[in-house]
Amino acid sequence: MTNPTSVGRILRYAIVMGVCAGPALADTTCIFDTECLEGEACADSGFTLSIESGGIVTDAETIPVADTLTAGGATAVSGASGGGFHLISIAEGGAARYSAHLPAAEMSILYIGTCTEAG
């Protein structure tokens, strides 16, 4: 059994040292053409973000990556900043979902689109 304190220490060290999204997702660009605000109808969107070695980069901020998971060919990237929690899931073919959960504002936002790796 792994000591949770050791795991937490290793994760913090990895984040501080800049081992965020990892090489598998570095230089990935995501374009979301649909935005769904909690309690409202979905609408067209032109929201973009990128996943870089420094984190999840949007026009407004860079969100440090806390975890990267893979399962069945899909990848999920999560992070937290400014009182919000962020999750991007990318299917093997590039279909993507990005959700931002903002507890203080009692709302969430879901974006639907695609992600592609540079190169």
Contact between Cys42 and Thr34 at the side-chain level, heavy atoms closer than 4.5 Å - yes or no? yes

Glu117/Thr28 under side-chain hydrogen bond (donor to acceptor under 3.5 Å, both in side chains): CA gap, chis, key distance, verdict: CA-CA 4 Å; Glu117 289 184 60; Thr28 297; 4.7 Å; no

What is the distance from atom CG of Leu110 to atom OG of Ser99, rounded to the nearest 0.5 Å? 6.5 Å

Go through Thr75 and Thr68 one step at a time and tell me if the side-chain contact (heavy atoms from CB on, under 4.5 Å) criterion holds. CA-CA 7 Å; Thr75 302; Thr68 301; 3.9 Å; yes

Closest heavy-atom contact between Cys36 and Ile112? SG-CD1, 4.5 Å

Minimal non-hydrogen separation, Ala100 against His86, with atom names: CB-ND1, 3.9 Å

Using side-chain heavy atoms (C-beta onward) and a distance below 4.5 Å, is Arg97 in contact with Ile88? no

Per the side-chain contact (heavy atoms from CB on, under 4.5 Å) rule, which among Asp59, Ile31, Thr58 passes with Phe47? Thr58

Without swapping roles, check the side chain of Ser50 against the backbone of Glu52 for a donor-acceptor pair under 3.5 Å. no

Non-hydrogen atoms of Gly113 and Asp33 that approach each other most closely: CA-OD1, 4.1 Å

Please tell me if the side chains of Ile56 and Val65 come closer than 4.5 Å, counting only heavy atoms from C-beta onward. yes

Which pair of non-hydrogen atoms, one from Gly83 and one from Pro103, has the smallest distance, and what is that distance? O-CD, 3.2 Å

Are Leu69 and Ile63 co-members of a hydrophobic cluster defined by side-chain heavy atoms under 4.5 Å apart? no

Determine, stepwise, if the pair Tyr111 / Ser45 fulfils side-chain contact (heavy atoms from CB on, under 4.5 Å). CA-CA 8 Å; Tyr111 291 93; Ser45 170; 3.8 Å; yes

Check Leu87 against Ser78 and note the closest heavy-atom contact, atom names and distance. CD1-CB, 4.2 Å

Mind checking whether Cys115 and Ile90 have side chains closer than 4.5 Å, heavy atoms only? yes

Is the ring pair Tyr98/Phe32 parallel, tilted or perpendicular, if the boundaries are 30 and 60 degrees? tilted

From NE2 (His101) to CD (Glu106), nearest 0.5 Å: 14.5 Å

List the steps and the verdict of side-chain contact (heavy atoms from CB on, under 4.5 Å) for Leu49 and Val57. CA-CA 6 Å; Leu49 61 77; Val57 180; over 6 Å; no

Report yes or no: does Glu38 contribute a side-chain atom to a donor-acceptor pair with the main-chain N or O of Ser108 at less than 3.5 Å? yes

